[in-house]
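A quick write-up on the structure given underneath.
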Amino acid sequence: MVLGRTDPRVKQALAEWAKVAPSLGLDPNAFRAKLIWQKDEPKRSHIVVRLSGPKNLILKRVFSAPPGENLVEGVVALRGAYQRLKSREYAHAPNVLFADDTGNFVVMTEAKGKTLNDHLEKGRSHGPMLRRTGAWLAAFHASGATEQRIYQPKFMVQHAVRLADDLTSGTMLVPEPDLFLQCCDLIERRAADVQDRQTISADKHGDFNLRNILLGPDGETGLDFKPPTTAPVGFDIARILMDYAELFQPDSEVAPGEVLATTTIDAFFAGYDLVDKNDPAVRFVPFVQLLNDWRLIPFDANRRSWRQKIRLDSIIFLARNACR
């Protein structure tokens with residue numbers, strides 16, 4: 001795949017931009033384009049282009065998406081997050097300036113900063129970065145309607161049972177299958193500890209990972225929201241903390257029986273204040289998230305990216321540690 005302006009996807013996106021720009025009162029020729037992200041997989045193809053000019057903009061063009069993924073609702077979620085956060089001083093979401101009827105072509109304002117993943121790869125101190133990430137997520141969750149609920153882990157237990165059944169029947173393949181089954185059994189045992197405890201439900205980001213939060217000089221900006229749904233806040237928290245744990249968390253800091261280190265949890269909850277670290281979903285969902293991340297690693301070692309290899313090594317360590 002040739003990247004940059006020679007990528008035919010970029011050429012098509014810029015041709016579409018040339019038609020859209022005048023409707024925004026902009027001259028397309030006044031902008032320089034740079035491809036900053038791309039994905040080209042059998043079920044997913046999209047590019048992200050930075051447009052630098054009188055305004056700094058981001059153009060996202062989706063060429064194919066997995067069946068069932070609702071791109072229009074994703075734009076709705078992004079617009080909703082922008083409206084709810086626009087009065088906040090430090091917590092932001094991009095402003096969508098244009099989106100076509102399909103959600104395949106979106107132009108939005110560019111947020112300042114680097115992703116949490118980029119900061120961590122460059123060696124920035126983990127604690128302050130996690131605190132800032134927690135503060136943004138708390139602001140996002142609190143910006144919409146929240147509801148106190150009694151947490152019921154039975155749906156996650158049923159999910160773990162289905163994963164185990166898929167593995168034993170041969171319809172799913174994962175690395176280290178025996179250990180995977182042990183972790184499936186662990187889910188039901190840990191569910192008993194959080195059953196019928198109080199939690200808080202809020203609007204869900206839906207894919208809150210290390211690359212979907214920017215930390216910049218004027219605050220933090222969430223990116224790439226999934227269609228609007230509500231869920232216990234622990235689901236978004238588990239998603240970001242397990243992404244961090246599987247790629248950057250020092251193994252030596254994780255206590256036996258756990259998947260998240262105390263240092264990881266304390267740093268995040270120095271910024272997140274809607275629930276505390278003893279919230280039932282926060283205590284339970286990371287173990288389910290480990291299974292979800294695990295099953296996405298290709299069974300064939302030759303098909304794993306370098307990032308997937310790093311992630312799998314951490315997943316295996318955390319799984320063995322959790323099952324002690």
Side-chain angles (χ1 to χ4, degrees), residues 34-39 48 50 58 60 81 90-94 110-141 204-226 233-255 258-273 277 282 285-287 289-290 292-294 296-297 304-319 321-322:
K34 180 180 180 181
L35 179 67
I36 58 174
W37 181 254
Q38 70 89 28
K39 184 162 285 192
V48 178
R50 175 182 291 119
I58 294 293
K60 182 176 182 179
Y90 297 109
H92 315 293
E110 181 183 25
K112 297 178 180 179
K114 299 181 183 297
T115 67
L116 174 56
N117 186 83
D118 288 342
H119 281 297
L120 295 172
E121 285 190 340
K122 291 182 181 299
R124 298 287 301 276
S125 178
H126 293 199
M129 298 293 103
L130 289 171
R131 178 189 57 77
R132 292 179 63 183
T133 300
W136 181 88
L137 188 59
F140 169 68
H141 283 158
K204 186 180 177 185
H205 178 285
D207 190 21
F208 195 52
N209 62 57
L210 300 176
R211 287 174 166 160
N212 281 342
I213 175 75
L214 292 176
L215 308 178
D218 60 349
E220 297 76 46
T221 304
L223 306 174
D224 205 13
F225 298 76
K226 293 303 180 186
V233 296
F235 280 81
D236 278 338
I237 294 171
R239 179 73 175 93
I240 188 74
L241 292 186
M242 288 309 296
D243 200 24
Y244 167 78
E246 293 161 9
L247 293 168
F248 293 100
Q249 178 178 257
D251 292 345
S252 61
E253 296 182 359
V254 187
E258 299 295 337
V259 292
L260 293 173
T262 300
T263 51
T264 297
I265 295 171
D266 287 349
F268 182 84
F269 280 95
Y272 192 94
D273 58 6
K277 62 184 180 182
V282 170
V285 178
F287 294 89
Q289 186 65 50
L290 185 76
N292 289 336
D293 294 340
W294 194 341
L296 295 177
I297 305 292
R304 296 171 198 157
S305 68
W306 66 268
R307 192 175 177 90
Q308 288 171 330
K309 293 175 183 176
I310 293 172
R311 187 185 293 276
L312 179 60
D313 287 344
S314 291
I315 284 174
I316 298 305
F317 166 80
L318 293 173
N321 193 67

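Heavy-atom basis, side chains included; hydrogens, waters and symmetry copies ignored.
Side-chain atoms of N321 come within 3.5 Å of backbone N or O of E258 as a donor-acceptor pair. At least one donor-acceptor pair under 3.5 Å links the side chain of Q249 to the backbone N or O of A261. At distances below 3.5 Å, at least one donor-acceptor pair connects side-chain atoms of N212 with backbone N or O atoms of D207. A donor-acceptor pair is defined here as one N or O able to donate and one able to accept, closer than 3.5 Å; such a pair exists between the side chain of H92 and the backbone of D218.
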(request) Under the side-chain contact (heavy atoms from CB on, under 4.5 Å) rule, what do E253 and T262 come out as? Steps first, then yes or no, please. (result) CA-CA 7 Å; E253 296 182 359; T262 300; over 6 Å; no
(request) Would you please test M242 and L318 for side-chain contact (heavy atoms from CB on, under 4.5 Å) and show each step? (result) CA-CA 10 Å; M242 288 309 296; L318 293 173; 4.2 Å; yes
(message) Before you tell me yes or no, could you show the steps for L214 and K112 under side-chain contact (heavy atoms from CB on, under 4.5 Å), namely the whole-Å CA-CA distance, both residues' side-chain angles and the distance that decides it to 0.1 Å?
(response) CA-CA 7 Å; L214 292 176; K112 297 178 180 179; over 6 Å; no
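With sequence neighbours excluded, no residue forms a ring pair (Phe, Tyr, Trp, His ring centres under 6.0 Å) with H119.
The aromatic rings of Y272 and F269 sit perpendicular, their planes meeting at an angle over 60°, well past the 30° parallel limit. Taking the six-membered ring where the residue is Trp, H126 and Y244 present perpendicular rings, their angle passing 60° and hence far from 30°.
One finds no salt bridge joining E121 and R211 here, because no Lys/Arg side-chain nitrogen approaches an Asp/Glu carboxylate oxygen to under 4.0 Å.
Between L210 and F248, the closest side-chain pair of non-hydrogen atoms falls below 4.5 Å. By the 4.5 Å heavy-atom criterion applied to side chains, W136 and H205 are counted as neighbours. The shortest side-chain heavy-atom distance between R132 and M129 falls under the 4.5 Å cut-off. Residues I58 and I36 have side chains in contact (heavy-atom distance under 4.5 Å, counting atoms from C-beta outward). No side-chain heavy atom of R124 sits less than 4.5 Å from a side-chain heavy atom of K114. By the 4.5 Å heavy-atom criterion applied to side chains, I316 and L312 are counted as neighbours. Taking 4.5 Å as the limit, some side-chain heavy atom of F268 sits within range of a side-chain heavy atom of I240. Residues L215 and L116 are in side-chain contact: their nearest non-hydrogen atoms beyond the backbone lie under 4.5 Å apart.
Atoms OG1 and CZ, on T221 and F140 in that order, are 13.0 Å from each other to the nearest 0.5 Å. Interatomic distance, N117 CG to D243 CG, rounded to the nearest 0.5 Å: 7.5 Å. Going from atom CG of D266 over to atom OG1 of T263 covers 7.5 Å, rounded to the nearest 0.5 Å. The line from OG1 of T133 to CG of L120 is 8.0 Å long, rounded to the nearest 0.5 Å. Interatomic distance, I237 CD1 to H141 NE2, rounded to the nearest 0.5 Å: 6.5 Å. We find the CH2-CZ distance between W37 and R50 to be 13.5 Å, quoted to the nearest 0.5 Å.
Taking each heavy atom of L260 and A245 in turn, the nearest pair found is CD2-CB, 3.8 Å. In plain terms, the two heavy atoms of A138 and G271 that are nearest each other are CB-O, 4.2 Å.
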